[in-house]
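Structure record follows, encoded as structure tokens.
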Amino acid sequence: MKVRTRFAPSPTGFMHIGNLRTALYAYLYAKHNGGDFILRIEDTDRERFVEGAIDVIYSTLKKSGIEHDEGPDKDGGVGPYVQSERKDLYKKYAEELVARGGAYYCFCDKERLAGLTDDKGVRKYDKHCLHLSKEEVAAKLAAGVPYVIRQNIPEEGMTEYEDMVYGTIRVPCADMEDEVLLKSDGMPTYNFANVVDDHLMKISHVIRGNEYLSSTPKYNLMYDAFGWERPRYMHLPPIMKDAQRKLSKRYGDANFEDFIAKGYLPEAIVNYIALLGWAPKSNQEKMTLNELIELFDESGVNKSPSVFDEVKMKWLNGLYIKEMPEEEFLREATPWFEKSAAKGYDYALLAKLLQGRIEIFGEIPEKVSFIEEYGPVNPELYFHKKLKTDAVVAKELLPYAVDVLKNAPFDNASLFDAFGAMCEEKGIKKGQLLFVLRAAITAVASTPGGATEMAVLFGREETLRRLDEAIKQL
RNA sequence: GGCUCCUUGGUCAAGCGGUUAAGACUCCGCCCUCUCACGGCGGCUACAGGAGUUCGAAUCUCCUAGGAGUCACCA
């Protein structure tokens with residue numbers, strides 16, 4: 001049987017990391033097994049529908065490299081792929097299930113239902129309407145009494161299934177309620193739509209968050225009642241913000257777009273989240289999407305929740321940045337330069353200096369802020385323990401730099417060599433001179449390049465001006 | 001509360017009856033070095049607790065504790 005997995009988000013806003021990971025795993029599993037990955041939009045709850053949310057789903061998937069084989073925009077013959085467009089279907093199947101004894105009409109109103117709630121605030125429907133005769137049901141239907149269709153779950157016995165990551169899940173039927181399958185507005189509940197759609201779309205493996213772990217037995221009972229083959233299930237542990245709280249869009253800090261805006265690379269995000277809850281046998285950490293496809297398998301999936309660690313994702317992103325081709329880095333960095341203190345400077349030079357020094361593009365502005373914030377040089381900046389320099393040394397050495405800066409060809413290699421020659425001639429320690437020079441012309445403790453590189457960045461004139469100012473201050 | 005599930009360093013995570021309990025991030029040293037970073041080397045820190053089973057348990061069983069999920073005409 002061909003492997004077919006699906007990602008079935010509801011369009012309620014941004015795509016957060018947990019959702020993306022679910023999509024990723026479903027995609028990886030399908031591709032690893034030469035199968036298809038289907039996108040289905042679950043919008044049966046129109047109250048929560050958010051305008052534009054579907055576009056966010058498309059764009060996130062696209063940027064992540066997760067390409068669906070079928071979906072609303074790619075018909076594979078089992079559509080439509082949007083639940084609200086399948087409305088009529090569900091009713092028909094609900095009725096079929098009633099005919100098969102797996103479900104029944106229920107006319108109970110809210111008041112009666114409320115009366116069923118026990119002292120703990122927990123309610124279990126009492127199958128009241130299950131015992132209505134055919135005639136009674138027909139009469140109420142004819143009279144237009146509002147109704148729902150409920151699943152008819154056996155009152156006793158056990159039901160079990162084999163989860164691909166959690167193993168055997170066994171639940172007593174008595175603990176499950178006869179859930180509503182078809183709402184009074186004619187729309188299916190998620191529970192029902194899911195089962196019908198997954199079957200009709202020939203989904204072989206249902207991969208989703210483990211909040212469904214304990215309701216899955218109910219779904220299985222539906223498959224059984226329909227006489228359909230049950231799919232395989234892979235439930236995934238949640239991604240946490242910390243030990244107690246699940247990562248959710250409520251915290252606003254965990255959606256894909258936010259990370260992109262901070263200067264993360266999509267492939268790094270995907271790589272990182274693949275690692276939350278799964279590890280390859282080799283324990284390799286940096287993997288391309290294709291490598292992930294090749295290595296992904298359910299035996300590497302964890303059962304316990306994992307905490308999202310942005311620090312580590314940053315590190316991974318840094319790895320991706322370091323191995324970008326220079327031109328690509330420059331292209332990606334340019335928009336960041338444009339809105340920073342580096343605006344108007346030599347972007348190619350800055351890119352070269354910065355590529356090995358940042359982990360996300362968002363760090364660029366702070367790294368180059370020294371360019372325009374030049375002011376009085378704090379004497380302490382001349383202090384360096386190992387180089388044995390301080391303001392006194394700076395006052396002595398700085399003047400030696402003036403001639404070189406005035407006369408040497410103004411490129412990094414030439415300047416560096418010229419300073420080397422001069423230092424040797426005068427018996428000065430090059431490291432000391434260059435250190436105090438860098439401090440003098442940048443006025444900050446650390447910069448993305450050494451003295452000569454900073455000088456080239458500023459240009460001869462500006463460098464001399466700054467040096468002059470710094471010397472006067474001493 | 002019932003049901004289902006989870007528990008290896010601060011975090012991610014190997015491990016599936018015999019290991020000095022990997023590796024990665026973070027942090028701290030050292031080296032490299034025109035500052036910072038990169039890189040290299042090294043270090044700190046873990047099997048939730050208790051009973052079993054076994055010659056032997058992080059690995060199997062049970063109990064306890066802690067945590068999560070679920071119990072909607074939401075998905």
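In the text below, chain A, chain B and the rest are named by the order of the sequence lines, each starting its count at 1. Since this is a predicted model, take the numbers as computed values, not measurements.
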task: Would you tell me whether Lys127(A) and Asn152(A) have side-chain atoms, one donor and one acceptor, within less than 3.5 Å of each other?
output: yes

- prompt: Under 3.5 Å, is there a donor-acceptor pair between the Asn194(A) and Tyr212(A) side chains?
  reply: no

When you compare the protein's N or O atoms with those of nucleotides 41-48 of chain B, which come within less than 3.5 Å of each other, and at what distance?
none

task: Sort and list the pairs that fulfil salt bridge (Lys or Arg N to Asp or Glu O under 4.0 Å) and have at least one residue in residues 429-450 of chain A, not counting sequence neighbours.
output: none

- prompt: Taking atom types as modelled, is there a side-chain donor on Glu366(A) or Ser369(A) under 3.5 Å from an acceptor on the other?
  reply: no

task: Select one nucleotide: of G2(B), C71(B), A75(B), the one nearest the side-chain heavy atoms of Glu177(A).
output: C71(B)

query: Looking across every strand, which nucleic acid part, if any, lies under 4.0 Å from Ser304(A) by heavy atom: base, sugar-phosphate, or nothing?
result: sugar-phosphate

task: Answer with base, sugar-phosphate or nothing: what part of the nucleic acid does Gln244(A) contact at a heavy-atom distance below 4.0 Å?
output: sugar-phosphate

task: Scan Val307(A) against the nucleic acid and name what it touches under 4.0 Å (heavy atoms): base, sugar-phosphate only, or nothing.
output: sugar-phosphate

query: C3(B) base to Ser214(A) side chain: any donor-acceptor pair below 3.5 Å?
result: no

query: Is a salt bridge present between Arg466(A) and Glu462(A), judged by a nitrogen-to-oxygen distance below 4.0 Å?
result: yes

query: Is there a donor-acceptor contact under 3.5 Å linking the side chains of Ser414(A) and Asp417(A)?
result: no

- prompt: Across all strands, who's sitting opposite C62(B) as a Watson-Crick or G-U wobble pair, both distances under 3.5 Å?
  reply: G50(B)

message: I'd like to know if Glu42(A) pairs up with Arg40(A) as an ion pair, taking the criterion as any Lys NZ or Arg NE/NH1/NH2 lying under 4.0 Å from an Asp or Glu carboxylate oxygen.
response: yes

field: Contact letters for nucleotides 23-37 of chain B, in which S counts primed atoms plus P, OP1 and OP2 and B counts the base, heavy atoms under 4.0 Å
entry: BBSS----S-BBBBS

message: Does Ser299(A) reach a base, just sugar-phosphate, or nothing at all? Heavy atoms under 4.0 Å.
response: nothing

query: Do Gln151(A) and Tyr219(A) have side-chain N/O donor and acceptor atoms under 3.5 Å apart?
result: no

Tyr320(A) ring center within less than 6.0 Å of Tyr272(A) ring center: no

- request: Would you mind classifying the nucleic acid contact of Asn191(A) as base, sugar-phosphate or nothing, using non-hydrogen atoms under 4.0 angstrom?
  value: base

